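Here's the structure we're looking at; comments come further down.
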Amino acid sequence: MMKYNVKLTLIALAIMPLYYIVTSKFMGNISKISMELMEKGAKMSGKLEESISGIEEVKNLNIEEK
């Protein structure tokens, strides 16, 4: 890049540390929120699976009684 435009190269190099810091900060927050959402989704999925299993079990018990 230095070969084509020295000023543009220096500007890009000057901005890179700021870009890294801002990106790192936001990625930390995004990762935290993402993990929380995945945890909530897993809990809801587990509850749904338990409900479906419970319904199937009740149906099976009713068939056995007949």
Side-chain angles (χ1 to χ4, degrees):
M1 281 179 38
M2 282 269 214
K3 182 179 175 181
Y4 297 111
N5 193 336
V6 176
K7 286 182 184 179
L8 186 58
T9 303
L10 294 175
I11 291 171
L13 290 174
I15 293 174
M16 286 179 83
L18 178 64
Y19 178 75
Y20 176 76
I21 292 168
V22 170
T23 303
S24 297
K25 182 178 179 182
F26 283 118
M27 285 306 295
N29 291 338
I30 290 171
S31 295
K32 181 181 173 186
I33 292 169
S34 178
M35 289 296 289
E36 290 173 359
L37 286 174
M38 286 191 290
E39 184 68 28
K40 287 180 182 179
K43 286 180 182 178
M44 292 301 293
S45 179
K47 287 180 183 179
L48 180 63
E49 182 66 31
E50 287 178 6
S51 296
I52 291 171
S53 296
I55 291 169
E56 289 175 2
E57 189 65 31
V58 168
K59 287 181 179 181
N60 288 337
L61 289 173
N62 283 337
I63 290 173
E64 286 178 5
E65 288 177 3
K66 290 180 183 180

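As a basis for the values below, the full set of heavy atoms in this structure was taken, side chains included, without hydrogen atoms, waters or symmetry mates. Note that this is a predicted model, so its numbers are computed, not measured.
Distance CG/Asn5 to OG1/Thr9: 6.0 Å, rounded to 0.5 Å. Taken from OG1 in Thr23 to CE in Met16, the straight-line distance is 10.5 Å, to the nearest 0.5 Å. Rounded to the nearest 0.5 Å, atoms OG (Ser53) and CD (Glu49) are 4.5 Å apart.
Tyr19 and Leu10 fall into different hydrophobic clusters, defined by Ile, Leu, Val, Met, Phe, Trp and Tyr side-chain heavy atoms under 4.5 Å apart, directly or through other members.
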Could you walk me through whether Met35 and Met38 pass the side chain to side chain contact (heavy atoms under 4.5 Å, CB included) test, one step at a time? CA-CA 5 Å; Met35 289 296 289; Met38 286 191 290; 3.4 Å; yes
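Ser24 places a side-chain N or O within donor-acceptor distance of the main-chain N or O of Tyr20, the cut-off being under 3.5 Å. Between the Ser45 side chain and the Gly41 main chain, no donor and acceptor come within less than 3.5 Å of each other.
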